[in-house]
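Have a look at the structure below before the remarks.
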Amino acid sequence: MPIRLKLTLWYSGILAFVLLILSGSVYAFLYHNTYNEMKGKLQNQGQELGQQIVQNSVFDPGRLQVNRSSYLQDEYYIQIYNYRTSEGQQSTGLAQRKLVFPYEKDPSKVGEARFVKTVVSGNPFYIYEVPIQATSTQQTVGLLQVGLFVGAQENLLQQLRTILVFSSIMGLLLAFSVGLIMARQALRPIEIVIQAAEQIDKGSDLRMRIAWDGPNDELGRLTDTLNGMLGRMERAYNELDEAYDAQRRFVSDASHELRTPLTTIRGNIDLLEKMWTPALEAEAGRSEPISEQEALRQELSRESMRDIGDEARRMSRLVNDLLALARADAGFVMEKQPVELLPLLEDVVRRAALLPRTAQWRPGDLSALEGVGVVGNADYLRQLMFIFIENAFKYTPEGFVRLEATLSGGQAGILIRDTGLGMSPEQIPHIFERFYRADESRGVTSGTGLGLSIAKWIIDEHGGSVEVHTSPGAGTTFTVWLPVAFSVPAR
């Protein structure tokens, strides 16, 4: 819920509570003033008439009557009920209207004098009831009811209730609407701050600052704080970016510089191996036996040359991988053109059969991609396939590695399946991180942990995705999905 709506609801609720208390107080004050005045009149009239009835009934207890002049007062409506004779008397106004006040039929249930508000045939009355008791026995022998017609007062109170309710509702609606507008105006600077922060976040431009020309209140101080924080972030980001650029340049330059001496080392080692092999064969063909020390020296020399050659080749692969990642970090853009996938994969299948391995190489059905092509770089796509295939050979000491293809929903799928070591589900999110290698494979297989990072970069550059299905000891399946750019009908 927005803050402005919360604020509006809060002070609207407080205003509603205040209006309720105020309206209730006004209504209660007028109600009590109106009926208190009538109470005084009715009580005085009732006591006076009660005394008359008692005085007139001293010598004739069976009759309950008052002076006839009391009936001439049109303001009051009088009704006397005699419990002994079950007869009633009414004032002229009450008799003319043919109205009868409700009364208690059982005299034993009549208590002390009381005020009663009632409606008779749609006419509201306020009645004061006085029980009439015999002076000798103190028994209730009659009931005196003195009433006033309160139609005007009830109409006034009804109008007052309507006015108070209607005005309170209108006041609340008006206050809510105006309050919402005022809250929106008051919180508009926060919206400006949010929009500016969103622009900075979307554009990644830390040079932007939040414009503020208002007073130096809480919002002004917040804006100054945010601008200061953005300034410090910009300086830190620029320093970090400069360091990162320097690191990328160093990796790229070092990779370029290392390629030449490594190539020289590999060439010399290959030359030495070619020179040593005929020499050793000639030495072995001599009739004179060689000493044990000489044989050991020759064996150590061959092993040393093999080790130097293997390390030189491993360092060459590492340097090439670092150079590829340096290009990726520097924003290298591949040159892309339409590439038909089936011929490319057939070439990969042919060349993968020559890779060193201990597992069987079982190419699968690739006909699903016949005539299907993508927009990409053929060399990098070929490198992508070899990364996954070499990785599968590396982690499959026995079993087989298979390359298959499928087509689904405008996506070309290339599956590299192996029956090797596999991985646990916790390792999958990290396998495309640089220099990451699964713990189970450390010391078992060689590698730098950069191949899958390069593969992920190539996939991203081609707008594709990769899926991984694996379990420990059951092998791994990588599925590379590439968006299909064109399809040539089969001939």
Side-chain angles (χ1 to χ4, degrees), residues 24-162 164:
S25 300
V26 171
Y27 183 80
F29 177 77
L30 184 60
Y31 180 90
H32 286 292
N33 277 355
T34 300
Y35 281 97
N36 281 340
E37 182 179 357
M38 285 189 290
K39 281 182 180 180
K41 293 181 179 181
L42 290 174
Q43 192 170 17
N44 292 334
Q45 185 68 22
Q47 290 176 354
E48 180 182 348
L49 293 177
Q51 291 176 0
Q52 292 183 21
I53 292 173
V54 172
Q55 292 174 0
N56 294 335
S57 303
V58 171
F59 300 104
D60 191 1
R63 293 180 57 84
L64 301 179
Q65 58 183 4
V66 296
N67 293 334
R68 191 66 181 175
S69 60
S70 301
Y71 289 88
L72 300 177
Q73 301 183 32
D74 294 335
E75 182 182 2
Y76 297 99
Y77 296 86
I78 303 170
Q79 180 174 287
I80 304 173
Y81 185 77
N82 191 332
Y83 287 113
R84 292 176 177 176
T85 62
S86 299
E87 295 179 354
Q89 303 177 51
Q90 292 182 322
S91 62
T92 305
L94 198 60
Q96 289 178 349
R97 293 192 179 189
K98 297 181 180 180
L99 301 177
V100 178
F101 290 154
Y103 58 90
E104 179 60 52
K105 302 295 191 302
D106 188 357
S108 61
K109 295 182 179 180
V110 178
E112 297 180 353
R114 62 171 185 168
F115 291 94
V116 178
K117 188 177 179 182
T118 184
V119 177
V120 181
S121 300
N123 299 295
F125 288 92
Y126 198 58
I127 303 171
Y128 181 59
E129 294 183 346
V130 180
I132 302 171
Q133 297 177 342
T135 55
S136 59
T137 61
Q138 297 297 317
Q139 293 181 350
T140 301
V141 296
L143 181 65
L144 171 64
Q145 295 174 297
V146 182
L148 284 174
F149 179 73
V150 292
Q153 290 81 357
E154 285 296 316
N155 288 335
L156 177 62
L157 293 174
Q158 177 64 35
Q159 292 176 1
L160 178 62
R161 286 196 300 270
T162 303
L164 291 176

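Bear in mind that the values here come from a model prediction, so they are computed numbers and not experimental data.
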Check your understanding: Rounded to the nearest 0.5 Å, what separation is found between the NZ atom of K109 and the OG1 atom of T140?
Key -> 13.5 Å

Check your understanding: Can you find a pair of side-chain heavy atoms, one from T118 and one from I127, that are under 4.5 Å apart?
Key -> yes

**Study point:** Contact check, side chains of L157 and E154, non-hydrogen atoms, under 4.5 Å
**Key:** yes

Check your understanding: Does Q145 use its side chain to pair, donor to acceptor, with the backbone of P102 at less than 3.5 Å?
Key -> yes

Check your understanding: Considering only heavy atoms from C-beta outward, does the side chain of Y128 approach that of K39 to under 4.5 Å?
Key -> no

**Study point:** CG-OH distance between L30 and Y35, expressed to the nearest 0.5 angstrom
**Key:** 10.0 Å

Review point. Side chains of K41 and Y76: closer than 4.5 Å at any heavy-atom pair?
Key: yes

Review point. Counting distance only, does the side-chain N/O of N123 pair as donor-acceptor with the main-chain N or O of V120 below 3.5 Å?
Key: yes

Review point. Of all heavy-atom pairs between K105 and Y83, which one has the smallest distance, and what is that distance?
Key: O-CE2, 3.5 Å

Exercise for review: Run the numbers on L42 and L148 for side-chain contact (heavy atoms from CB on, under 4.5 Å), then give the verdict.
Suggested key: CA-CA 8 Å; L42 290 174; L148 284 174; 3.5 Å; yes

Study note, to complete from the structure: P131 and V110 have their tightest heavy-atom pair at CB-CG1, 3.7 Å

Review point. Are side-chain heavy atoms of N82 and I132 found at a separation under 4.5 Å?
Key: no

Point to revise | Quiz item: cation-pi between R97 and Y77, 6.0 Å / 45° | key: no

**Study point:** Side chain proximity check, M38 to Q153, heavy atoms < 4.5 angstrom
**Key:** yes

Exercise for review: Say whether, by atom type as modelled, one donor and one acceptor occur between the side chain of Q79 and the main chain of F101 under 3.5 angstrom.
Suggested key: yes

